[in-house]
Amino acid sequence: MSPPLLKLGAVLSTMAMISNWMSQTLPSLVGLNTTRLPNSDTLTQISPKEGWQVYSSAQDPDGRCICTVVAPEQNLCSRDAKSRQLRQLLEKVQNMSQSIEVLNLRTQRDFQYVLKMETQMKGLKAKFRQIEDDRKTLMTKHFQELKEKMDELLPLIPVLEQYKTDAKLITQFKEEIRNLSTVLTGIQEEIGAYDYDELHQRVLSLETRLRDCMKKLTCGKLMKITGPITVKISGTRFGAWMTDPLASEKNNRVWYMDSYTNNKIVREYKSIADFVSGAESRTYNLPFKWAGTNHVVYNGSLYFNKYQSNIIIKYSFDTGRVLAQRSLEYAGFHNVYPYTWGGFSDIDLMADEIGLWAVYATNQNAGNIVISQLNQDTLEVLKSWSTGYPKRSAGESFMICGTLYVTNSHLTGAKVYYSYSTKTSTYEYTDIPFHNQYFHISMLDYNARDRALYAWNNGHQVLFNVTLFHVIKTEDDT
């Protein structure tokens, strides 16, 4: 075969290889084959966990340095699956760009050869026409040989034209890949999806510092209630569940008391997880039936109102014995001054950062709420405050840092409507809404360790998160 035909065969072979490579490789590069990126519906959902949220005041008339802090939710810096997917997508695009670059170099090299061949073919065609016009001067044999060569070359003209078009498309595709890579890099920089480990360690360090800062926080004022988080669905419409605010960090026992009357059984669970799964660790049979749902566990003992009386009982879980009992003088009982939902909720026992409290009403105070601070050992009343808020108009109440917060209803639309400070002996009307998800609340108590509200919401055991307004102690205050 003559040299021109050898060159032509090499071109055709190269074009066939490129065509085959493009048909097999490009679809997988650009995502046109059956391989797909994971659907967003399959991504792991990272739900932020509810945690304490606090912030501090910068207002200090003495000019002391006060910082403002919003504590993050725990485990906020879990690895983001969407960001990880974006990083994988960017790597794939970069690989595509490199493959296209290799293809482009090969295409440009072969394209230059094709242009040269095209010029030679056009020159040959012109020469052939010239010879054809003057074929009488040539030998018939030479003329026939040239014509056969021309007939072989003519089918390549449209192929070469198509190859030129494909080369332009490859160049355009290369530019689009480069633009896409730039956009993805910009998005990646915006969401900060680079060094997760370093970022995670920084957030853990910040959380540790914030927890150290929390230890210096003085008592705060309630600003916001968020949630609820539904922990479990169990029991009747009325009941109580609680943890001990004075327990150690490793002690997460849960106590469960179903119904508001005619019951003496307290169920204990070693952890929230056991509570959710129903794995009881122990059952206590109290010596007396309780009244209402406003019990409290404090420093290892259960405090509850004895049925059909205004007597408060202190029961030790460790010994299984009654350690103390005392009548709450003049306190109404047995639905004389209950909360709006009834249920023998006349006497409400609660605890906060300061200590143990009893909230009730008396005839002497015209049925309005009385707040009494109790000695946790003897149940003796240490001091009392008489408010002007009718007990029967209150949906529920709870203490935070020596301030009583009262809701205006136990039904949908309930909000914290009234507060009374035992520190200043003053009250104020508030407007702090919260979501009564299951329409009927029969128990609402604050836990100082968890900085959360435990609630029994129509047979649902739920938690509300609270936001408190805090002031940071300075070194001069300690």
Go through the structure and list residues passing side-chain hydrogen bond (donor to acceptor under 3.5 Å, both in side chains) with Ser386, not counting sequence neighbours.
-> none

Ser301 and Leu323: which non-hydrogen atoms are nearest, and at how many Å?
-> OG-CD1, 4.0 Å

Let me check something: any side-chain donor-acceptor pairs from residues 395-407 under 3.5 Å, sequence neighbours excluded? List them with distances.
residue: Glu396; atom: OE2; partner: Trp341; partner atom: NE1; Å: 3.2
residue: Ser397; atom: OG; partner: Tyr339; partner atom: OH; Å: 2.6
residue: Tyr405; atom: OH; partner: Leu222; partner atom: N; Å: 3.1
residue: Thr407; atom: OG1; partner: Glu396; partner atom: N; Å: 2.8
residue: Thr407; atom: OG1; partner: Glu396; partner atom: O; Å: 3.3
residue: Thr407; atom: OG1; partner: Ser409; partner atom: O; Å: 3.3

Looking at side-chain heavy atoms only, is the closest gap between Thr230 and Tyr438 below 4.5 Å?
-> yes

So do the side chains of His334 and Tyr307 get within less than 4.5 Å of each other, counting heavy atoms only?
-> yes

How are the rings of Phe275 and Trp241 set relative to one another: parallel (under 30°), tilted (30 to 60°) or perpendicular (over 60°)?
-> parallel

Contact list for residues 404-415, test salt bridge (Lys or Arg N to Asp or Glu O under 4.0 Å), sequence neighbours left out = Lys415-Asp431

Non-neighbouring partners of Glu428 that pass salt bridge (Lys or Arg N to Asp or Glu O under 4.0 Å), sequence neighbours left out = Lys221

Is Lys306 close enough and on-axis enough to Phe288, meaning under 6.0 Å and within 45°, for cation-pi?
-> yes

Asn375 (side chain) donor-acceptor with Glu380 (main chain) under 3.5 angstrom | no

Partner residues of His435 under the ring-ring contact (aromatic ring centres under 6.0 Å, His included) criterion, sequence neighbours left out = none

Does Tyr315 have its ring centroid less than 6.0 Å away from the ring centroid of Phe304?
-> no

Is Asn368 reaching over with its side chain to a backbone N or O of Asn365, donor-acceptor style, under 3.5 angstrom?
-> yes

Here the pair of heavy atoms bringing Met257 nearest to Trp290 is CE-CE3, 3.3 Å

Hey, is the main chain of Val359 close enough, under 3.5 Å, to the side chain of Asp348 for a donor-acceptor pair?
-> no

Would you say the side-chain atoms of Asn436 and Asn457 include a donor-acceptor pair closer than 3.5 Å?
-> yes

Please report the C-alpha distance between Arg449 and Asp244 in whole Å, then the side-chain angles of each, then the deciding distance to 0.1 Å, and finally whether the salt bridge (Lys or Arg N to Asp or Glu O under 4.0 Å) criterion is met.
-> CA-CA 8 Å; Arg449 186 186 71 164; Asp244 190 344; over 6 Å; no

Return the set of residues passing ring-ring contact (aromatic ring centres under 6.0 Å, His included) with Trp357 (not counting sequence neighbours), or none when no residue passes.
-> Trp385

Flag side-chain contact, heavy atom, 4.5 Å: Ile432 against Met223 | no

Please list, chain by chain and in numerical order, all residues satisfying side-chain contact (heavy atoms from CB on, under 4.5 Å) with Arg267, sequence neighbours excluded.
-> Tyr256, Ile265, Tyr269, Glu280, Thr283

Applying ring-ring contact (aromatic ring centres under 6.0 Å, His included), name anything that partners Phe434, two or more places apart in sequence or on another chain.
-> Phe464

Neighbour count >12 (heavy atoms, 6.0 Å) for atom CZ, Phe344 | yes

Please tell me if the side chains of Leu302 and His295 come closer than 4.5 Å, counting only heavy atoms from C-beta onward.
-> yes

All side-chain contact (heavy atoms from CB on, under 4.5 Å) counterparts of Val381, not counting sequence neighbours = Leu328, Ser372, Leu374, Ser384

Between Asn305 (side chain) and Ile312 (backbone), is there a donor-acceptor pair under 3.5 Å?
-> no

For Val462 against Pro228, the heavy-atom pair lying closest together = CB-CB, 3.8 Å

State, to 0.1 Å, how close Leu444 and Ala455 come at their nearest heavy-atom pair, and which atoms those are.
-> CD1-CB, 3.7 Å

ring-ring contact (aromatic ring centres under 6.0 Å, His included) against Tyr389, all qualifying residues, sequence neighbours excluded = Tyr418

Are the aromatic rings of Trp255 and Tyr284 close, with centres under 6.0 Å apart?
-> no

Please check if the side chain of Thr387 supplies one atom and the backbone of Val370 the other of a donor-acceptor pair under 3.5 Å.
-> no

Can you pull the side-chain hydrogen bond (donor to acceptor under 3.5 Å, both in side chains) pairs that have at least one residue in residues 317-329, sequence neighbours excluded?
-> Asn310-Ser327, Ser316-Thr319

Under a 4.5 Å cut-off applied to non-hydrogen side-chain atoms, are Leu453 and Val466 in contact?
-> yes

Taking every heavy atom of Asn465 against every heavy atom of Arg451, the minimum-distance pair comes out as OD1-O, 3.8 Å

Could you list the residues that satisfy salt bridge (Lys or Arg N to Asp or Glu O under 4.0 Å) with Glu268, not counting sequence neighbours?
-> Arg253

Between the main-chain N or O of Phe238 and the side-chain N or O of Thr236, is there a donor-acceptor pair closer than 3.5 Å?
-> yes

Contact check, side chains of Tyr427 and Ser421, non-hydrogen atoms, under 4.5 Å = no

Does the distance from a Lys or Arg side-chain N to an Asp or Glu carboxylate O, for Asp346 and Lys391, drop under 4.0 Å?
-> no

